[in-house]
Amino acid sequence: MAAPYVQKPVGGLAIADTKTDTPIIAESSDTGKAWRNFQATAAIAGFTSWNTLDDNGKAIVIVSRWGRTRDFTSLEDAQRWLAQVSGARS
């Protein structure tokens with residue numbers, strides 16, 4: 001078993017650990033994959049998409065193309081809309 005990683009001081013000064021690859025909030029791998037898949041599908045159809053928070057702190061999906069912007073309260077709603085407007089077949 002390997003010893004844990006410990007940051008050691010140099011010359012009497014402590015060095016800050018600069019590892020930034022660990023997310024602050026863990027995201028579900030299913031959610032992350034679904035979002036990346038939606039972004040790719042939207043991009044192929046010519047849309048730009050963002051996953052952000054509204055003024056009340058609720059998660060929303062924003063999709064935009066040619067100056068027209070739509071916002072959705074869930075990724076599923078955005079996926080259904082994109083399938084409808086892009087003519088995707090199931």
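- The main-chain N or O of Ala45 is found under 3.5 Å from a side-chain atom of Arg65 such that the two form a donor-acceptor pair.
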With side chain to side chain contact (heavy atoms under 4.5 Å, CB included) as the criterion, how do Phe38 and Val63 come out once you've worked through the C-alpha distance, each side chain's angles and the decisive distance to 0.1 Å?
CA-CA 10 Å; Phe38 174 77; Val63 183; 3.8 Å; yes
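- Residues Ile60 and Leu53 approach most closely at CG1-C, 4.3 Å, considering heavy atoms.
- Here Asn37 contributes atom CG and Gln79 contributes atom CD; the two are 7.5 Å apart, rounded to the nearest 0.5 Å.
- For the atom pair Arg70 CZ and Asp77 CG, the distance stands at 9.5 Å (nearest 0.5 Å).
- Classified by interplanar angle (parallel below 30°, tilted 30° to 60°, perpendicular above 60°), the ring pair Trp81/Phe47 is perpendicular.
- Closest non-hydrogen pair, Gln39 versus Ser49, comes out as CG-OG, 3.3 Å.
- When every heavy atom of Val61 is checked against every heavy atom of Trp35, the shortest pair comes out as CG1-CZ3, 3.8 Å.
- Residue Ile62 is not grouped with residue Leu75 when hydrophobic side chains (ILVMFWY) are merged at heavy-atom distances under 4.5 angstrom, including chains of intermediate members.
- At least one donor-acceptor pair closer than 3.5 Å links the side chain of Asp54 to the backbone N or O of Asn56.
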